[in-house]
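The chain is numbered in sequence order, starting from 1. Predicted model, so just to flag it, every value in this text is computed and none were measured. Worth knowing before you read on, the calculation uses all heavy atoms, side chains too, and leaves out hydrogens, waters and symmetry mates.
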Amino acid sequence: MNNENKQFMPQDVINDILEWEIMHGVAFRQADNTARHVPFSIAPMTMERSVYQHLLSVTPLIAKLVSNVSEDHDFLQESLSDMAKADPFFGRLMELHQQAHGDVTKRQQPARQPLLLMRTDFMDDRQHGAKVIEFNGIAAGMGPFGQRATELHCFVQDQWNDVYRNWLEDDTAIPADNHGMEQLAIGIAASARKVKAHFAELGDSANEQKPTFLMIVQKDEDNVYDQHLLEVALQNIGVRTVRRTFEQLSTQLSSGENQRLILENVGAIDTVYLRAGYQYSDYWAPELNEDICCHTLSQTRLFIEMHYVAMNATISQQLATSKSMQMLLTMMPAQEYARWRLTLEEARLVKSVLADMKPISKEAIEWFNTSADKQEWVLKNQGEGGGHCVFGDQISETLAKLKPEEYDAWALMQRLYPHERDTPTIAVRDGKQTLVNDLVSEIGLFTAHYQGEPVTELDGYAGYLIRSKPASENEGGIHSGQGILDSLVLINA
């Protein structure tokens, strides 16, 4: 790579950008309640316009597929039962799903109205093209940060254009529009207003307040600014927002008329959005001293689903976006997608971006240890967030430690090797610049669907998030790894 004329940015320029980030909420909250800027790249990644358009066409189809799979409750129970036995947390989710959907003759069915706010993460592999890394159907955040990253690079371009262009791979590239924050807010607001309209038709006398949005959050959350940016976008279009933990909700929720969800001192709730609930610790309340771990708070989640409220993520959506379901859909013939109302053409388009996956078995372990190229695979469990993937020679070590009853909680997936940037890039973390020669990126595309139908101005599409990292780093999370916030520019190949 050519490093000629590549110099660090003047520190006063970096300081201006850091202040821009903090001023625009692109930050993490620290333990002492101060703000720390989100790590970022000084210039965006480049993608061929045709690849980007391909992702724009396929991602809403993936959301349609997942949305319909999530409402196929018999299929979820049948296909994920082995995984649920192998993974205790997903076993608990399956129990909740069984409570909600298992026997229509004996219990009230969930009244919740599914709102799928999904982020589908891709990498553009050097050999195989753009492929899905994973589906994110619960706590799929950083849509606001994705939009802010685009705005940040526009700010740098406007203020220091000569320096900015020095870091571009192609100075003919055009920024890709990104209105993820506003589009997600539009989708959420649309669902809230439809819930209100439902109760207006029923003559609900307590339906005069603004549409109300409840965000369920983790206690002592540090990623609050991304969340607050979404709340501000909702407030700007007339939606009231409130935040609660599961622990708070366990004593503050009640039922109104016609299965209306009521929050103490707030009133009726129209939309619920989970930014928590993807791990056991989100349901753990030590002071409850429960015989069964996490029973009360997980039942609180089920209680919400029994009410007429727009909800993301439903228990079903969380199951439908699991790694095991991704594997099943990857291994399934395209013709079988017709069960979820995809045409054969749509199914083949979805299949074209799904990377190969293999279930773990005694035979698969033997194959991996004797015949596989260990650098071509990654081992994944069902965990959400960073730190759940195993690479290279460590895969054999991990497989050797697994008990047969744990196999179904894991899967092998084709490892993706995206294009490295042709131009070195400055990464800024904790106010310090680092020159990165091998930066690679992943792109997460957001979609919003209510009751299976798109609810944004862009036919369900709701913006993107770019996260980049050195190719030598396995963990690309902005929170936990060496990832940095980035944006996207397009070229005509």
Side-chain angles (χ1 to χ4, degrees), residues 24-25 29 111-117 138-145 147 179-219 221 223-277 300-301 303-314 446 448-451 455-457 462-463:
H24 289 82
R29 184 172 66 187
R112 89 291 185 274
Q113 306 301 297
L115 169 65
L116 183 61
L117 304 175
I138 182 168
M142 293 197 177
F145 279 1
Q147 177 175 328
H179 302 285
M181 181 163 49
E182 284 91 356
Q183 290 300 317
L184 286 170
I186 286 169
I188 291 167
S191 71
R193 292 186 177 115
K194 288 182 179 182
V195 170
K196 280 188 70 66
H198 166 80
F199 284 101
E201 291 177 0
L202 297 177
D204 187 342
S205 59
N207 202 38
E208 300 302 318
Q209 67 184 35
K210 288 183 176 181
T212 302
F213 165 82
L214 168 63
M215 184 183 292
I216 303 180
V217 298
Q218 294 169 326
K219 188 177 182 180
E221 169 71 75
N223 195 20
V224 293
Y225 300 110
D226 177 70
Q227 298 172 0
H228 285 311
L229 286 171
L230 178 59
E231 291 179 85
V232 170
L234 284 165
Q235 293 158 10
N236 288 341
I237 55 176
V239 176
R240 183 187 183 190
T241 67
V242 292
R243 301 165 60 87
R244 295 290 188 276
T245 64
F246 274 120
E247 189 171 356
Q248 290 172 315
L249 293 174
S250 67
T251 61
Q252 295 178 6
L253 291 176
S254 60
S255 299
E257 293 183 6
N258 301 310
Q259 293 177 285
R260 195 74 152 120
L261 184 67
I262 306 297
L263 178 59
E264 182 181 323
N265 297 324
V266 173
I269 298 297
D270 300 298
T271 299
V272 176
Y273 173 45
L274 274 65
R275 286 296 293 262
T300 298
R301 180 175 179 182
F303 180 82
I304 295 170
E305 292 214 16
M306 307 310 290
H307 293 79
Y308 196 102
V309 62
M311 186 170 182
N312 170 264
T314 66
F446 291 90
H449 289 73
Y450 178 62
Q451 295 177 323
V455 280
T456 71
E457 297 173 336

Approximate separation, where rounding is to 0.5 Å, of Arg301 CZ and Met311 CE: 5.5 Å

Would a 4.5 Å heavy-atom cut-off, applied to side chains only, mark Val266 and Arg240 as touching? yes

How about CD on Gln252, more than 12 heavy atoms from neighbouring residues, nucleotides or ligands closer than 6.0 Å, or not? yes

Measure up the His198 and Tyr308 rings against each other and bin them: parallel (under 30°), tilted (30 to 60°), perpendicular (over 60°). parallel

Any Thr271 side-chain heavy atom under 4.5 Å of Val239 side chain: no

Can you list the steps and then say if Ser255 with His307 is a side chain to side chain contact (heavy atoms under 4.5 Å, CB included)? CA-CA 8 Å; Ser255 299; His307 293 79; 2.5 Å; yes

Here the gap from Thr456 atom OG1 to Gln183 atom CD, rounded to the nearest 0.5 Å, amounts to 5.0 Å

Full working for side chain to side chain contact (heavy atoms under 4.5 Å, CB included) between Leu261 and Val272: CA-CA 10 Å; Leu261 184 67; Val272 176; 4.0 Å; yes

Step-by-step salt bridge (charged side-chain N to carboxylate O under 4.0 Å, His left out) determination, Glu231 to Arg243: CA-CA 10 Å; Glu231 291 179 85; Arg243 301 165 60 87; 2.9 Å; yes

CA sep, side-chain torsions, deciding dist, call: Thr241, Tyr273, side chain to side chain contact (heavy atoms under 4.5 Å, CB included): CA-CA 11 Å; Thr241 67; Tyr273 173 45; over 6 Å; no

Validation row: Leu184, Leu230 side chains within 4.5 angstrom (heavy atoms): yes

Quick one: does Arg260's side chain get under 4.5 Å of Phe199's, heavy atoms only? yes

To the nearest 0.5 Å, atom CG of Asn223 lies from atom NE2 of His228 at 10.0 Å

Minimum side-chain heavy-atom gap Thr212-Leu263 below 4.5 Å: no

Does any non-hydrogen side-chain atom of Glu457 lie less than 4.5 Å from one of Glu182? no

Within a strict 4.5 Å, meaning less than it, do heavy atoms of the His24 and Gln147 side chains meet? no

Phe246 and Leu274, any side-chain heavy atoms less than 4.5 Å apart: yes

Check Ile269, Thr314, Leu253 against Ile304 for a side chain to side chain contact (heavy atoms under 4.5 Å, CB included) and give me the one that passes. Leu253

Measure from the side-chain N and O atoms of Gln259 to the backbone N and O of Met306, and report whether any donor-acceptor pair falls under 3.5 Å. yes

